Amino acid sequence: MLNPILQSQKFDPGGGYIRRWVPELADLPASLIHQPWNATPLEPAGAGVQLGASYPEPLVDHKLGRERALAAYAKVRAR
């Protein structure tokens with residue numbers, strides 16, 4: 001299962017793709033651009049980003065989603 005955040009960090013560590021297609025995150029440093037919701041409140045605010053207002057909170061917890069998908073696959077395979 002591919003985690004989109006890890007793939008983004010691996011193949012676009014500087015966040016160029018995100019900066020181009022998600023302009024509201026363009027001013028974030030590379031260390032925050034892939035997961036702005038993990039920053040301290042002041043870090044995104046310094047780049048003009050307000051989570052929940054100018055950029056949405058995450059909709060999916062990738063760890064939980066992965067666990068649910070693996071459980072569903074295991075259930076199907078057990079049949």
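Being a predicted model, the structure only gives us computed values, none of them experimental.
- When all heavy atoms of Leu2 and Gln7 are compared, the pair lying nearest together is CD2-NE2, 3.6 Å.
- Annotation: the span from Leu70 atom CG to Arg77 atom CZ amounts to 10.0 Å, rounded to 0.5 Å.
- Both Trp37 and Val49 are part of a single hydrophobic cluster, where members link through side-chain heavy atoms under 4.5 Å apart.
- Of all heavy-atom pairs spanning Ala39 and Leu32, the tightest one is CB-CD2, 3.6 Å.
- From Asp12, atom CG reaches atom CZ of Arg19 across 8.5 Å, with rounding to the nearest 0.5 Å.
- Closest of all the heavy-atom pairs between Gly14 and Ile33 is O-CG2, 4.5 Å.
- Smallest separation of non-hydrogen atoms from Pro13 and Ala30: O-CB, 3.8 Å.
- Under a hydrophobic-cluster definition in which Ile, Leu, Val, Met, Phe, Trp and Tyr are linked whenever side-chain heavy atoms come within less than 4.5 Å, directly or via other members, Tyr55 and Ile5 are assigned to the same cluster.
- Note: His62 NE2 to Asn3 CG = 5.5 Å, rounded to the nearest 0.5 Å.
- The nearest pair of heavy atoms linking Ser8 to His34 is OG-ND1, 2.7 Å.
- Nearest heavy-atom pair, Leu51 versus Pro56, reported as atom, atom and distance to 0.1 Å: CD2-O, 4.3 Å.
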